Amino acid sequence: MHAALLAPSLLAGDHANLAASAAAAARSGAHWLHLDIMDGHFVPIVSFGPERLAALRWAGCQMFFDTHLMLDEPQKYVEAFARAGADRISIHIEPRFDVIGTLIQIRKLGCRAGLVLNPGTPVSAVEALLAQVDLVLVMTVQPGFGGQAFRRDQLPKIAELRALRGKRNLDFRIEVDGGIDLGTAAECRASGADTFVVGTSFFSAADPTAFAAAVARL
Ligand code: DX5
Ligand code: ZN
């Protein structure tokens, strides 16, 4: 079981000053910064492009960039995000594209690779690819917006991934994203999750450092 890790989601930060929100995340003791990349097609809204990652690096952000691509054609953009400073690039399994080729491309670019499952997608959709990634992200909301309610019906998928990891002696992290607060994080942890993406609850926390410490204790 990996140590518990917090990844604040910058989508819930101050869009008039994202560098300051990133700095606040770093000060809290969080190690990763979760960056939601949306194309207005795979999901209804458009968020950041690679230039935003480059601007955060330029502004001095040294956090690990956990980059979540919600794109219909991720293979077209992985190089731009890698060059802009992404450390991990996670792609959704649902769109129709060359998933294996794109995972290989991500690793060739020197980034870590992750696979993402929407709530309606079963674990069987990624089972054959688990040895090719170091993280699987289980969406606990339908992607596209922050501030949605946590979906408890996704907990069995987390447990299924944990069982598969053990049975096949793999080492990938299990990340959850959407509606995560300290209560739902604890539920996910009990099912086997170890990496917690938090937007609204983190950036509205009265004491982000205490919040980060509480996640680390899970
Ligand atoms: C939603 C994004 C999430 C979102 C999480 O599609 O992938 O990362 O920003 O925000 P909260 O924690 O507010 O649900
Ligand atoms: Zn996300």
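All ligand and atom numbering here is 1-based and tracks the order in the structure. Predicted model, so just to flag it, every value in this text is computed and none were measured. Hydrogens, waters and symmetry mates play no part in the numbers below; they use all other heavy atoms, side chains included.
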Original post:
Is it the side chain, the backbone, both or neither of F145 that has a heavy atom closer than 4.0 Å to ligand 1?
Top reply: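 The backbone, only.
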Any N/O of [X] closer than 3.5 Å to an N/O of ligand 1?
| X | answer |
| --- | --- |
| V141 | no |
| G147 | yes |
| P143 | no |
| G179 | yes |
| D36 | yes |

Subject >> Straight-line distance of L130 CG to L161 CG, nearest 0.5 Å >> reply: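 Result: 6.5 Å between the selected atoms.
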Original post:
Taking atom CG of L18 and atom CG of L11, what is their separation to the nearest 0.5 Å?
Top reply: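 One finds 9.0 Å between CG of L18 and CG of L11.
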Which atoms from ligand 1 have a heavy atom of [X] less than 4.0 Å away?
| X | answer |
| --- | --- |
| G146 | 10 (O), 13 (O) |
| H34 | 8 (O) |
| V197 | 8 (O) |
| H68 | 7 (O) |
| G144 | 1 (C), 6 (O) |
| M139 | 7 (O) |
| M38 | 6 (O) |
| G178 | 14 (O) |

So is [X] close enough to ligand 1, meaning a heavy atom under 4.0 angstrom away?
| X | value |
| --- | --- |
| Q142 | no |
| S201 | no |
| A12 | no |
| F150 | no |

**OP:** Return the minimal non-hydrogen interatomic distance between F81 and F48, and the atom names on each side.
**Re:**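 In this case the closest contact between F81 and F48 is CZ-O, 4.4 Å.
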Restricting to N/O/S, name the atom of [X] that gets closest to the Zn ion (ligand 2).
| X | result |
| --- | --- |
| H68 | ND1 |
| D177 | OD2 |
| D36 | OD1 |

For [X] and [Y], indicate whether the former's side chain and the latter's backbone hold a donor-acceptor pair under 3.5 Å.
| X | Y | answer |
| --- | --- | --- |
| S204 | T200 | yes |
| T102 | Q75 | no |
| T67 | L35 | no |
| T184 | G179 | yes |
| K157 | M139 | no |
| S9 | V198 | no |
| D39 | F42 | yes |

Original post:
Same cluster or not: are F172 and I104 linked, directly or through other Ile, Leu, Val, Met, Phe, Trp or Tyr residues, by side-chain heavy atoms under 4.5 angstrom apart?
Top reply: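 Shared cluster, yes.
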Original post:
Would you call R112 and D171 a salt bridge, taking side-chain N to carboxylate O under 4.0 Å as the test?
Top reply: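 Salt bridge flag = no for D171 with R112.
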Original post:
If you measure from the Lys or Arg side-chain nitrogens to the Asp or Glu carboxylate oxygens, is any gap between R165 and D194 under 4.0 Å?
Top reply: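 Judged by the 4.0 Å cut-off on N to carboxylate O distance, R165 and D194 do form a salt bridge.
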**OP:** Can you label the angle between the F64 ring and the W32 ring as parallel, tilted or perpendicular, going by 30° and 60°?
**Re:** parallel
Return the closest protein heavy atom for [atom] as residue, atom name and distance.
| atom | result |
| --- | --- |
| atom 5 (C) of ligand 1 | D177 OD1, 3.6 Å |
| atom 13 (O) of ligand 1 | T200 OG1, 2.4 Å |
| atom 12 (O) of ligand 1 | G199 N, 2.8 Å |

